[in-house]
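Notes follow the structure.
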Amino acid sequence: MTVYEHTMVGVNFALAAGLQRRFGWGIAVASALAAAVPDWDGLSILFGSAAYATVHRTWGHSVLTASLLGAAIGVVAYYGACPALLRRLGARFGFQSRLATAPVRSWIGPVVWLTVGVVAAMSHLLADLFYASGDKGLAAWPVQLFWPFSSRGWVFPTVPYGDLATTLLFVAEMFALYRWPKRTQLLAQISLAVVVLYVAARWYRT
Ligand SMILES: [Zn+2]
């Protein structure tokens, strides 16, 4: 999956659970960010292909670093980063009606946001395990889930990394969300279910 599909998986987690109704749209933004963030290790490409080959799918893709970053994103977002940003953007572009309701002032709020951040980050690792088969003869790229304690890589090549069908599904979903805003939760649930079934079907065929 590319960053776009990871982001959409994160958004869909929050929407499928209906969390935006209680915590505002900031939680969907936080979930999207957490779902994409493990790919920060891909920035190692700036230091050359050798660094990229060593660092990508390693430093950011371990259960330890990904869950810590996901948790941090959830907590930081809960305590104001995303709601404040959304309020500013909302005031600028006029979508106040969809802004966050006031965060729930109890221990439940931070715990939910932290959990969403961790789950979204874990979704990235899970997806990368299956969205790993190389296009055009490129080898599958294992994910080092337990870095830095182990350098063992895991991969179950099932769907090509930049699979077009998954991209088109999420693009179609975005149009559907725009067309039927009252069906947000159902559309997110359907989209996630379709992705899981699609991967399962391709797994079955391989
Ligand atoms: Zn990745």
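Start at 1 and go down the list; that is how both ligands and their atoms are numbered. No experiment lies behind these values; they were computed from the predicted model shown.
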Exercise for the section: Please report the closest heavy-atom contact between S31 and A14, naming both atoms and the distance. Expected result: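 Here S31 and A14 meet closest at CB-CB, 4.1 Å.
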Problem - same_hphob_cluster(W203, V9) at 4.5 Å side-chain heavy-atom cutoff - result: yes
Problem - For S62, side-chain hydrogen bond (donor to acceptor under 3.5 Å, both in side chains) partners two or more places apart - result: T65
Handout entry: Partner set under side-chain hydrogen bond (donor to acceptor under 3.5 Å, both in side chains) for T54, not counting sequence neighbours
Key =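 Testing T54 for side-chain hydrogen bond (donor to acceptor under 3.5 Å, both in side chains), a comparison that skips the adjacent residues, returns none.
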Exercise for the section: Around the Zn ion (ligand 1), list the protein N/O/S atoms within a radius below 2.8 Å, excluding water molecules. Expected result: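 Only D39 OD1, H61 NE2, H124 NE2, D128 OD2 fall inside 2.8 Å of the Zn ion (ligand 1).
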Handout entry: Y198 versus D163, side-chain donor and acceptor atoms under 3.5 Å
Key = yes
Handout entry: Set of residues satisfying ring pair (Phe, Tyr, Trp, His ring centres under 6.0 Å) with respect to H61, sequence neighbours excluded
Key =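 Ring pair (Phe, Tyr, Trp, His ring centres under 6.0 Å) list for H61, sorted by chain: H56, H124.
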